[in-house]
Amino acid sequence: MFQGGVAHAAPHSGYDDAGPQVRAMQDDDTQNPGFLWVQQGETLWTEAAGSRATSCATCHGPVTAMRGVAARYPAFNPATATPITLAQRINHCRTEHQGATRLPPESDALLALSTLVAVQSRGLPLAIDDTGPLRPFIAAGETFFRTRQGQLNLACATCHEERAGHHLGGALIPEGHANGYPQYRLEWQKLGSFPRRLRACMLGVRAEPLPADAPDATNIELYLAVRARGLTVETPAVRP
Amino acid sequence: MARPLINVPKTVRRGDSFEIRILIAHPMESGQRRDEYGKQIARDIIHSFLCTYAGEEVFRADFFPAIAANPFLAFTARAVETGRLVFTWTDDHGAVAFDTVEIVVE
């Protein structure tokens, strides 16, 4: 008998599965450790960087103007004709418009700026345009999601769709919606990005993790954002 | 290191008690873990924390290795006069960090 699964149900945020203590941490901005990075991001937003000595605020103005942006990411980048994640977009701004160096993936500075931009959209529904040029990339992301991989021969869908709501050891298997990244995980004891979470899952099924900024990593992030339609941005989410 | 997040009311009525909340950015490395080469990761925790209000000690805590990263503290004090809350904490590297916030008593 088929139990669990999310194939036709409305998406169910990992927030609803978290314990009351974890939910309380996420709900209270003074307790949510993700706000340490938001605060650091606020400093970086107005700090001049690079050969042009410009800050994010020079072009974008106050960060509140970024409300709604993160809900549309990953977005289509016409210059390269590929999707681009929010973190990649921030680094693109740094190299193209500020004349600065790229911030390394998973660095506190990049996490801080990504979280600051994303938190402006907190509470807004995810709004990826899946009718335009992103369609083939969403399809590629879905193929990745449904392809078995690794020594354990599991696809993302095996756990996060067929077995969602069941347990893996003592841990509940969530539906795997990426609506709260960058998010604070108690297991990590720090804030982390979606690519970090993806690497952890791929190591878990004993597959070779994708290199940073691999096209498949962006495609899966894009597909998950479409799959989670109906949920709102929760950045910075807190998860066990 | 990121600055701490401190949350206190801006103004309090004289004689009322008020809540002080502080979230400190710190890895709180327990000293029990090993890195990928099997080498022990040195302990690095905040071991003592002190809060003074208008020059007087109102809260002190000793921390131990079982406390998670980015510790959060909430405690209360009674409003007596307008003054500074000064938070000081010391970690295993001997680094003494502090932050202050002004509170107005009406």
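Chain identifiers are assigned alphabetically (A, B, ...) following the order of the sequence lines, protein sequences preceding nucleic acid strands; residue numbering begins at 1 within each chain. Bear in mind that the values here come from a model prediction, so they are computed numbers and not experimental data.
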Is the shortest side-chain heavy-atom distance between Leu23(B) and Thr30(A) below 4.5 Å? no
Heaviest contributor of heavy-atom pairs below 4.5 Å to chain A, chosen from Asn70(B), Asn7(B), Ile22(B), is Asn70(B)
According to salt bridge (Lys or Arg N to Asp or Glu O under 4.0 Å), who are the partners of Glu56(B), at least two apart in sequence or on a separate chain? none
If you measure from CD on Gln189(A) to CZ on Arg33(B), what distance do you get to the nearest 0.5 Å? 8.0 Å
Side chain to side chain, Arg3(B) and Thr43(A), heavy atoms closer than 4.5 Å: no
Please say whether more than 12 non-hydrogen atoms of neighbouring residues, nucleotides or ligands are located less than 6.0 Å from CZ in Phe75(B). yes
If you compare all heavy atoms of Leu5(B) against all heavy atoms of Leu36(A), which two are closest, and at what distance to 0.1 Å? CD1-N, 3.7 Å
Answer yes or no: does atom CD of Glu208(A) have more than 12 heavy-atom neighbours from other residues, nucleotides or ligands under 6.0 Å? no
Kindly check if the number of other-residue, nucleotide or ligand heavy atoms within 6.0 Å of CZ (Arg206(A)) is above 12? no
Counting only heavy atoms closer than 4.5 Å, note whether Asn32(A) contacts chain B via side chain, backbone, both or neither. backbone
